Colleague: 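Let me give you the structure first, and then I'll get to my questions.
These figures come from a predicted structure and were not determined experimentally.
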Amino acid sequence: MAEEEADAVQQAMKDQYLLTIYQSVQKDGEVNLFIEALERERIPYAFFKGYELKELYPVPELRTMGDVDLLVEGKDMERVSELLKDLGYERKGEGNTVWTFQKGILSFEVHRKLAAGNYWNGVDYESYFEKAFDRLQTSGGGSRRYFSVEDHFIFLCFHLAKHLNSSGAGIRMVMDIALYLQRYQKEMNWQYIQKECKEIHLDVFVRKLVYICRVWFGVDTAPEVEAEPVEDEALKQLREYILSGGTFGFEREDSIRRLRKGMEKGTGKGNLLIQSRALLRIAFPDRKHMEYFIPALEKYPILLPVAWVKRWKIGLENRWKLKAAIHGLGKNVDEAKAQYQMLKKVGL
């Protein structure tokens, strides 16, 4: 029986391996069709995150991705939308700065901004990344653009920090950065990286992240790549936090994130106050968050109450989610406090 079970597991893994390779080849074909359309229409664009990072992996086809991300100029969003619709894609949701298009197993996320909204430390990342498109590099002619190795690294670190402070990050996000360091560290301008990261209050986190990549993945970094040790207990908590989130980091209770946002400068506040702040954020999110529901808020902030009403309507239509969120606020305060302190210890 044990041998039969082992054979079944082995066969299941082989089937999944072959399916993943097949889907990757399918996705590459779809991406190439999209690239041809963008080049034909002379629309400047740049891929980033997973589609650009997969070649760092020993078997690129096994670096799966939920979607393919690309950056375009705001003025080209509608044109890109029409191209994708002509290719059989359907727009999903009402995103403002990011439009999602799906067909079968593949989705494209078309960004006109790399960051939007308010973030955990009060830094205006939206303004910092506003000129990202202007800094893109060209290579070999055509409409495709590329991030410099430094700017892409800075964005990847910001993206990981953002996820750690919100829904959570999966282990693959850290693996991406470990492989990126292994491949590009010798050609990266570390003085530029340190200066830029200090400006956006990510310098401590990046140094600690380099240390984490050394410890977890054995990345042998050069002397000019600064690393800052993380306490063993905080490193253990971070490992458990990341591994509990699955590949993408979404497989955890959302109420904990909301409770963390209910904290301000410390965790000594009363639990009731933390819970009350979190509940208010659920009922009355800020304008930047609500732009997802009503994109017109970006130009017409006076519509914020209308967006809240729309959110409440969605909440009532999904009562089970609302009940679960409120129930979680009551039972997860201690876990939220522990995560809050752990994130501080890794530079966030």
Side-chain angles (χ1 to χ4, degrees), residues 19-55 60-61 63-117 126 129-130 132-133 136 142-147 152 155-156 158-159 162-163 166-167 170 172-173 176 247-250 288-299 307 310-311 314 318:
L19 177 62
T20 301
I21 297 290
Y22 173 72
Q23 290 178 339
S24 178
V25 173
Q26 273 191 312
K27 288 179 180 180
D28 282 344
E30 287 289 321
V31 171
N32 287 335
L33 289 174
F34 185 33
I35 289 174
E36 289 175 7
L38 289 166
E39 293 289 345
R40 184 173 61 250
E41 296 299 320
R42 299 182 180 179
I43 300 174
Y45 64 97
F47 292 108
F48 62 102
K49 295 198 301 183
Y51 191 74
E52 286 287 85
L53 299 174
K54 68 175 186 171
E55 296 301 326
E61 293 82 3
R63 200 290 185 186
T64 58
M65 61 195 78
D67 46 58
V68 176
D69 295 270
L70 72 154
L71 179 67
V72 301
E73 295 181 281
K75 65 182 178 63
D76 290 326
M77 291 286 278
E78 290 290 348
R79 293 174 67 200
V80 172
S81 175
E82 289 304 312
L83 289 181
L84 284 168
K85 288 176 182 177
D86 289 343
L87 290 170
Y89 288 82
E90 181 182 354
R91 185 175 171 187
K92 300 292 185 180
E94 302 180 55
N96 181 20
T97 62
V98 184
W99 293 3
T100 302
F101 299 84
Q102 184 143 14
K103 182 176 72 172
I105 62 170
L106 180 61
S107 66
F108 286 99
E109 285 198 350
V110 183
H111 301 247
R112 64 180 176 89
K113 292 184 178 182
L114 292 180
E126 184 171 346
F129 287 112
E130 190 73 45
F133 202 92
L136 294 176
S143 297
R144 187 167 179 176
R145 306 287 188 268
Y146 299 86
F147 286 81
H152 201 183
F155 173 78
L156 292 172
F158 157 74
H159 185 67
K162 179 186 74 171
H163 275 274
S166 55
S167 57
R172 193 176 60 196
M173 289 185 183
D176 284 346
T247 302
F248 298 99
F250 303 140
K288 288 291 186 181
H289 178 83
M290 294 308 299
E291 284 176 6
Y292 176 84
F293 296 92
I294 298 186
L297 273 172
E298 186 174 19
K299 291 184 177 179
K310 184 173 182 178
R311 178 180 174 85
I314 293 172
N318 297 273

Colleague: Evaluate side chain to side chain donor-acceptor pair (under 3.5 Å) for Glu52 paired with Tyr146, printing each intermediate quantity in order.
Modeller: CA-CA 9 Å; Glu52 286 287 85; Tyr146 299 86; over 6 Å; no
Colleague: Is Pro44 close to Asp76 at the side-chain level, that is, under 4.5 Å between some pair of heavy atoms?
Modeller: yes
Colleague: Does the distance from a Lys or Arg side-chain N to an Asp or Glu carboxylate O, for Arg63 and Asp176, drop under 4.0 Å?
Modeller: yes
Colleague: With a 4.5 Å heavy-atom cut-off, do Lys103 and Glu90 have their side chains touching?
Modeller: no
Colleague: Counting distance only, does the side-chain N/O of Lys27 pair as donor-acceptor with the main-chain N or O of Met65 below 3.5 Å?
Modeller: yes
Colleague: Please check if the side chain of Glu39 supplies one atom and the backbone of Ser143 the other of a donor-acceptor pair under 3.5 Å.
Modeller: yes
Colleague: Would you say Lys92's side chain and Gln102's backbone share a donor-acceptor pair under 3.5 angstrom?
Modeller: no
Colleague: Measure the CD1-CE distance between Ile43 and Met77 for me, rounded to the nearest 0.5 Å.
Modeller: 11.5 Å
Colleague: Which atom pair, heavy atoms only, marks the closest approach of Gly74 to Arg112?
Modeller: CA-CB, 3.9 Å
Colleague: For the CZ atom of Arg79 and the CG atom of Leu38, what is their distance to the nearest 0.5 Å?
Modeller: 9.5 Å
Colleague: Can you check whether Lys49's main-chain N or O pairs, donor with acceptor, with His152's side chain at less than 3.5 Å?
Modeller: yes
Colleague: Do Trp99 and Glu78 have side-chain heavy atoms sitting under 4.5 Å apart?
Modeller: yes
Colleague: Calculate, to the nearest 0.5 Å, the distance between atoms CD and CG belonging to Gln26 and Leu19 respectively.
Modeller: 9.0 Å
Colleague: Looking only at non-hydrogen atoms, find the nearest pair between Ser107 and Gly66 and report the distance.
Modeller: OG-O, 3.3 Å
Colleague: How long is the gap from CZ on Phe155 to CZ on Phe48, to the nearest 0.5 Å?
Modeller: 5.0 Å
Colleague: Quick check: closest heavy atoms across Val80 and Phe34, and the distance to 0.1 Å?
Modeller: CG1-CZ, 3.7 Å
Colleague: If you compare all heavy atoms of Glu126 against all heavy atoms of Gly117, which two are closest, and at what distance to 0.1 Å?
Modeller: OE1-N, 3.2 Å
Colleague: Without swapping roles, check the side chain of Arg91 against the backbone of Leu84 for a donor-acceptor pair under 3.5 Å.
Modeller: no
Colleague: Hey, what do you get for CG (Leu71) to CZ (Phe47), rounding to the nearest 0.5 Å?
Modeller: 11.5 Å
Colleague: About how many Å separate NZ of Lys85 and CZ of Phe101, when rounded to the nearest 0.5 Å?
Modeller: 6.5 Å
Colleague: Closer than 3.5 angstrom, by distance alone: can the side chain of Glu109 be matched with the main-chain N or O of Thr100 as a donor-acceptor pair?
Modeller: no
Colleague: Side chains of Phe133 and Leu114: closer than 4.5 Å at any heavy-atom pair?
Modeller: no
Colleague: How are the rings of Tyr89 and Phe108 set to each other: parallel, tilted or perpendicular (split at 30° and 60°)?
Modeller: perpendicular
